[in-house]
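Data block below; observations after.
For clarity, every value in this text was computed on a predicted model and none was experimentally measured.
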Amino acid sequence: MNKLLLFVSVLIIVGVGFYYYISRTPVSAPSAVSEKAMNEIRLTPRQPMTREQAAKVKEIPLAPEVERILAKKMEGLTKFLSASAAPSEILAVNETNKNLSMSDITVLDDAWIASKSITPFIEKILNNKISSELNAYKKSTPGLNELFVTDIYGLNVGQTGKTSDYYQADEAWWVNSFNGGVGMTFHGNIEFDKSSQTEAISIYLPIIDPSTQNVIGVLKGVFDVSSIKSEL
């Protein structure tokens, strides 16, 4: 009987100690939009995401000091776009891609995602005029992990490295930045970026046709969080 009471007492002490340890252990705050949540808002099978669906993904304001740094990076990217060949090149691609069906896009996107190497199709995008300018800007910009632009349909047009997918119009950030053709510049939340494999903050800019002021594509830039911290 005494042994039984001793055993029960030990179990109670261990249980209380474990509960106290768990309750006192700090837990890192989750990102505003987890990787799982970002995967869940991507439509399957791929379809262009609606503005109503994209609006469910909320941007959380960061510390004022971080917001100021991101604003400068947005300004730099805007100036870069205005002086680059991207708008004229994207207009030509828009004309070429306008006849692609969703079935065509799905085939291209599936092949892109499945590819473990650089196929001729991917290489053509990685080595074009826009990509050359994007790589030059990336090289001159500390902490910029990735930079790519899409056409008006959300298809990659130029980039600094192979992205995880080819079609972006089924993702909330693209829909929100394209904004129904009106355009919106904003930044994302701190999250794990699969393409660059780092904790990062992404910046999104609509690409404007200077002759018509119409939105013709979208730019995404991914900045390493550690580099942003170093500027604080």
Report task. Applying side chain to side chain contact (heavy atoms under 4.5 Å, CB included), run through L62 and I201 and close with a yes or a no. Result -> CA-CA 11 Å; L62 302 173; I201 298 177; 3.6 Å; yes

Report task. Go through the steps for F223 and L70 under the test side chain to side chain contact (heavy atoms under 4.5 Å, CB included), then give the verdict. Result -> CA-CA 9 Å; F223 288 86; L70 293 176; 5.5 Å; no

Query - Derivation of the side chain to side chain contact (heavy atoms under 4.5 Å, CB included) call for L155 and T150 - result: CA-CA 5 Å; L155 303 173; T150 77; 5.8 Å; no

Query raised in the report: Going through the distances and angles, do L219 and L81 end up as a side chain to side chain contact (heavy atoms under 4.5 Å, CB included)?
Result: CA-CA 9 Å; L219 174 146; L81 280 176; 3.8 Å; yes

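Checked by atom type and distance alone, the side chain of T160 never pairs as donor or acceptor with a backbone atom of L134 at under 3.5 Å. The backbone N or O of V107 lies less than 3.5 Å from no partner atom in the side chain of D110, so there is not a single donor-acceptor pair. In this structure, S177 contributes its side chain and M184 its backbone to a donor-acceptor pair below 3.5 Å. In this structure, the side chain of T78 engages the main chain of M74 through a donor-acceptor pair within 3.5 Å. Judged by distance alone, the side chain of N176 and the main-chain N or O of A172 form a donor-acceptor pair under 3.5 Å. A side-chain donor-acceptor contact under 3.5 Å links D104 to the backbone of S101. Formation of a donor-acceptor pair under 3.5 Å by the Q168 side chain with backbone atoms of G154 is not found in this model. Judged by distance alone, with hydrogens and angles left aside, the side-chain atoms of T141 form no donor-acceptor pair with the main-chain N or O of K138 at under 3.5 Å.
Under a 4.0 Å N-O distance rule, the pair K73/E231 qualifies as a salt bridge. A salt bridge links E75 and K79; the closest N-O separation between the charged side-chain nitrogens and carboxylate oxygens is under 4.0 Å.
For the ring pair (Phe, Tyr, Trp, His ring centres under 6.0 Å) with Y204, the lone residue among F148, W174, F178, W173 that qualifies is W173.
A distance of 8.0 Å separates CD1 of I203 from NE2 of H187, quoted to the nearest 0.5 Å.
Residues meeting the side chain to side chain contact (heavy atoms under 4.5 Å, CB included) test with I90, sequence neighbours left out: A86, N94, I130, V149, D151, V157, I207, I216. When the side chain to side chain contact (heavy atoms under 4.5 Å, CB included) test is applied to L108, the partners found at least two apart in sequence or on another chain are L100, F121, Y166.
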